[in-house]
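In listed order, ligands and their atoms are each counted from 1.
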Amino acid sequence: MHLILLGPPGGGKGTQAKKLQDDYGLVQLSTGDMLRAAVASGSEIGKKAKAVMESGGLVSDDIVIGIIADRIKQPDAKKGFILDGFPRTVAQAEALDKMLGERSLKIHAAIEIRVPDHLIVERITGRYTCGQCGAGYHDSFQKPKVAGKCDSCGSSDFKRRADDNAATVQQRLDGYHAQTAPILPFYEKKGTLHLVDGTLPIDEVTRRLKNIVDGVAVG
Ligand code: AMP
């Protein structure tokens, strides 16, 4: 099964992809995570991506398409994957289509998690993750059960993304509306587009996503 989660930055794509991957035996492929790893490792790609990411802009299509082309060839992606943060432009959606077509594969569902702009700033500026296991938290909406301790692994090493600040949020939202939202009709025309209300509680969004995925799996 090949899924795409679409929606604005801070809309819950990463959170939901993590919840779906174990239940369906899929691997989460997040271009944002891959690019952050490239920046942290100081690789050539990381050097090119760093400043663009910190300013809230989009990394070039060539770089991101190259990363995904390599990644979907890996053995663990054979069972299926959930794309999170890719495609982000019409050119990326077309390149993905071509890549999958060459392997006789296709996207089964592209699901938009819709959240209005005015809710995004609070979501993004309050979020952080466990530096050890990657579990996601939020200052207001999802605090650890014991303050300062990760629920999943017990670590007290938490981190916030460099680009999760009020200054870049608007830039990222503008980029979403200008460059990413135009790919929604691309999947609508293919009959694979679904919509979920991303303002609902996390578990309800997960339940609705699973309903869609289950429908696709049997249909
Ligand atoms: P994300 O973790 O998806 O919010 O991505 C963080 C940042 O990485 C974005 O603001 C972009 O600078 C960059 N990025 C991630 N995915 C893509 C993509 N598919 N195309 C271009 N830039 C991307």
Side-chain angles (χ1 to χ4, degrees), residues 2-18 20-21 27-41 43-72 77 81-100 107 110-115 117 119-131 134-138 159-184 186-187 198:
H2 303 124
L3 305 175
I4 302 176
L5 295 185
L6 297 162
K13 300 184 298 293
T15 301
Q16 296 297 338
K18 285 191 178 64
L20 292 179
Q21 61 176 355
V27 50
Q28 174 194 10
L29 303 185
S30 155
T31 42
D33 286 350
M34 292 178 218
L35 289 166
R36 279 184 287 280
V39 171
S41 76
S43 69
E44 278 312 304
I45 286 179
K47 283 182 196 147
K48 285 186 190 152
K50 190 169 188 278
V52 184
M53 291 174 74
E54 281 173 0
S55 72
L58 287 186
V59 175
S60 80
D61 285 339
D62 287 353
I63 290 182
V64 184
I65 290 166
I67 291 178
I68 284 288
D70 289 342
R71 189 63 187 84
I72 63 176
F81 50 75
I82 307 170
L83 291 171
D84 152 19
F86 180 94
R88 242 180 173 99
T89 62
V90 172
Q92 292 179 17
E94 286 167 350
L96 173 66
D97 225 35
K98 189 159 168 270
M99 259 181 245
L100 295 177
I107 294 298
I111 311 173
E112 179 195 356
I113 304 178
R114 192 177 290 174
V115 181
D117 286 7
L119 296 179
I120 294 294
V121 177
E122 190 186 10
R123 281 195 178 198
I124 287 194
T125 54
R127 71 183 181 179
Y128 59 98
T129 52
C130 171
Y137 295 96
H138 192 280
K159 58 182 187 189
R160 288 177 194 262
R161 281 170 46 172
D163 60 345
D164 276 353
N165 56 72
T168 62
V169 174
Q170 196 54 50
Q171 171 91 6
R172 289 157 69 196
L173 276 172
D174 291 348
Y176 175 74
H177 291 297
Q179 289 166 286
T180 308
I183 70 180
L184 298 172
F186 180 90
Y187 292 104

*Name the closest protein heavy atom to atom 7 (C) of ligand 1, giving the residue it belongs to and the distance to 0.1 Å.*
Met53 CE, 3.8 Å
*How about His2 and Phe81: are their ring centroids closer than 6.0 Å?*
yes
*Heavy-atom contacts with Arg161 under 4.0 Å: which atoms of ligand 1 show up? List them by number with element.*
1 (P), 2 (O), 4 (O), 5 (O), 6 (C)
*Quick one: does Arg172's side chain have a donor or acceptor within less than 3.5 Å of a partner on Asp163's backbone?*
yes
_Return the closest protein heavy atom for atom 12 (O) of ligand 1 as residue, atom name and distance._
Gly57 O, 2.5 Å
*Please state which protein non-hydrogen atom is closest to atom 16 (N) of ligand 1 and give its distance, to 0.1 Å?*
Thr31 OG1, 2.7 Å
*Check whether any side-chain N or O of Gln21 sits under 3.5 Å from a backbone N or O of Gln28 as a donor-acceptor pair, and report yes or no.*
yes
*To which of Gln179, Arg172, Gln92, Arg88 does the heavy atom nearest atom 9 (C) of ligand 1 belong?*
Arg88
*For the pair Lys13 (side chain) and Pro8 (backbone), establish whether a donor and an acceptor sit closer than 3.5 Å, ignoring hydrogens and angles.*
yes
*Would you call Glu44-Lys48 a salt bridge at under 4.0 Å N-O?*
no
_Please check this pair: side chain of Thr168 against backbone of Gly56, looking for a donor-acceptor N/O pair closer than 3.5 Å._
no
_Closest approach of any protein heavy atom to atom 21 (C) of ligand 1, naming residue and atom_ = Val59 O, 3.2 Å
*Heavy-atom contacts under 4.0 Å between Lys13 and ligand 1: side chain, backbone, both, or neither?*
neither
*Report, in ascending order of atom number, the atoms of ligand 1 lying under 4.0 Å from any heavy atom of Gly85.*
16 (N), 17 (C), 18 (C), 19 (N)
_If only side-chain N and O atoms count, and only distance matters, is there a donor-acceptor pair under 3.5 Å linking Asp61 with Thr89?_
yes
*Could you pull out, from Val64, Leu35, Asp163, Ile68, the option with a heavy atom nearest to atom 13 (C) of ligand 1?*
Leu35
